There are 2 protein chains.
Amino acid sequence: MDESAPQKGTVTQRAIERIKAMIGEGRLEPGQRLPTERDLAAQLGMSRSSMREAIRALTVLGVLEARHGSGIYVTQLEAGDLLETFGVVADLSRGPQLVELLEVRRILESTATALAAARITADQLAEVEKHLLAMNATDDPEEILAHDLAFHREIAAAAGNETMAAILEGLSSRTFRARVWRGYEEEGAFERTRREHAAIHRALVAHDPEAARAAAAAHVGEVEQWLRTQLTQ
Amino acid sequence: MDESAPQKGTVTQRAIERIKAMIGEGRLEPGQRLPTERDLAAQLGMSRSSMREAIRALTVLGVLEARHGSGIYVTQLEAGDLLETFGVVADLSRGPQLVELLEVRRILESTATALAAARITADQLAEVEKHLLAMNATDDPEEILAHDLAFHREIAAAAGNETMAAILEGLSSRTFRARVWRGYEEEGAFERTRREHAAIHRALVAHDPEAARAAAAAHVGEVEQWLRTQLTQ
DNA sequence: TCAGCCGTAGTGGTCCGACCACTCTGGTGG
DNA sequence: CCACCAGAGTGGTCGGACCACTACGGCTGA
């Protein structure tokens, strides 16, 4: 059951490509269960160890999901599954790269907020308000951060593009924001953040995309500029 | 040398987190060489097999680089290294998700092109023109696609944000575009594409960001709309 | 003296076989 | 009829062996 192995790269790398190809060609559907590690290794003519490394690699990429004692399954291949690794980028980026990342976020977040202003429903708006109020009702940085994240997540979801929402989720991942905020909040940015969030909320209520875009861009831009000054010091 | 293993998740998963943490905390610098697989496994109190899976995982994420016979090294952790996995998302996305991905690309590409219009140098512009001419001088779809990719890559580079350029690179990866173009080009879209590219080029020459943004958005939007109609059929 | 070759130690890559931890299922006993 | 449970099957871990490749240093020959 082997077809003239081209012998390019390592055995494990080949296995990764093969499985990816199987999914790309539709031979493996989302949610479907794969053969066992032992069978897969035999089919591709390699050891179980090498096959396990390939499976582990595809697991961290969000393509496969291994359930102990049950089997290996193809994920739903949705944006959330595949873009989870985006958080790693945010976690490991430093210096100028952090600013670039924030610039990307500013572009996407402003557009997402504009889209949300046009499309958001009453229910979604209520959810956004819930986090806005909760954020203003406490002084615990941890809690504020959590509601801040949820605030933007709800808006991104209301924009109607799951892929964009997933990318923004990665760009706002817990550790990334915690790292930046650690210094940012010490400069009395809480009050400003609240005003900016209020402005975004107003634009959403008014269903005003342009106002929403401007408010969101300014919001992220504030942090971006602050980070930029930090680097030059 | 172990600190009260919390025993959460699999052994391999723990190893991945530990190594990621070492890099995040700066204990491992970009380009630095890690201890051998055998030593690492011993330090974290696990078998070499498990450690290898962890290393393989971080390798596909673009965080580590293994050189056969030499050792394991931390990558430069630049945008290109870490965002290579973005291509996998594009390769495995289908249906509505493909449209969402194209929408993200439209947003980023239009902004990148606008930035490029403001910042592009004469040398960079010459490079862009080179690919524009080469694209118009041939009828080989393969070659056209290659120069098309390079055309946009040069523009993204001129925008001055490597992270954005890396993301766009992933969103335009070879297989992704080949897949979409297969059907797109059959509808006589070549001529339209050339006109759109010419419009983008004009805006760059004129250093007109708004015109560049509009031209790029229209360019990607054309493909996006076509894909949208394909899905409803 | 010095350039180039080559042996070798050390590294990642692969394979094997065993056992553990967990899940799922089908039969059994209540 | 249901609850339980034992067993088969699965992924997870381990240890060791060997292969493929790199890098370095000593050796050889000019």
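As the structure is a prediction and not an experimental result, all values here were calculated from the model. What's counted below: heavy atoms across the whole structure, side chains too, no hydrogens, waters or symmetry copies.
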B/T12 side chain N/O closer than 4.0 Å to the phosphate oxygens (OP1, OP2) of D/dT13? yes

Take the protein atom CD1 of B/I16 and the nucleotide atom C1' of D/dG12, then report the distance between them rounded to whole Å. 13 Å

Send over the distance from B/L64 CG to C/dT11 C1', rounded to a whole Å. 15 Å

Distance-only side-chain donor-acceptor flag, A/T121 / A/Q124, under 3.5 Å: yes

Under 3.5 Å: donor-acceptor pair, side chain of B/T229, backbone of B/W226: yes

Please list all pairs passing the salt bridge (Lys or Arg N to Asp or Glu O under 4.0 Å) test where one or both residues lie in residues 76-95 of chain B, with sequence neighbours left out. none

From CZ of B/R56 across to C1' of C/dG13 the rounded distance in Å is 8 Å

Can you tell me the distance, in whole Å, between the CZ atom of B/R14 and the C1' atom of D/dC14? 14 Å

Got a sec, which residues hit ring-ring contact (aromatic ring centres under 6.0 Å, His included) with B/H197, two or more places apart in sequence or on another chain? B/F151, B/H152, B/H219

Taking B/E29's backbone N and O only, do any of them form a donor-acceptor pair with B/Q32's side chain (distance below 3.5 Å, no angle check)? yes

Does D/dC14 have OP1 or OP2 under 4.0 Å away from a side-chain N or O of B/S50? yes

Any side-chain heavy-atom pair of A/L204 and A/L125 under 4.5 Å: yes

Here the distance between atom C1' of C/dT14 and atom CD1 of B/I55, to the nearest Å, is 15 Å

B/S/- along nucleotides 6-11 of chain D (protein heavy atoms under 4.0 Å) is ---BBB

Which residue lies toward the 5' end of DNA chain C, A/Y73 or A/S49, if each is placed at its nearest nucleotide? A/S49

Take atom CE of B/M51 and atom P of D/dG12, then tell me their distance rounded to the nearest Å. 17 Å

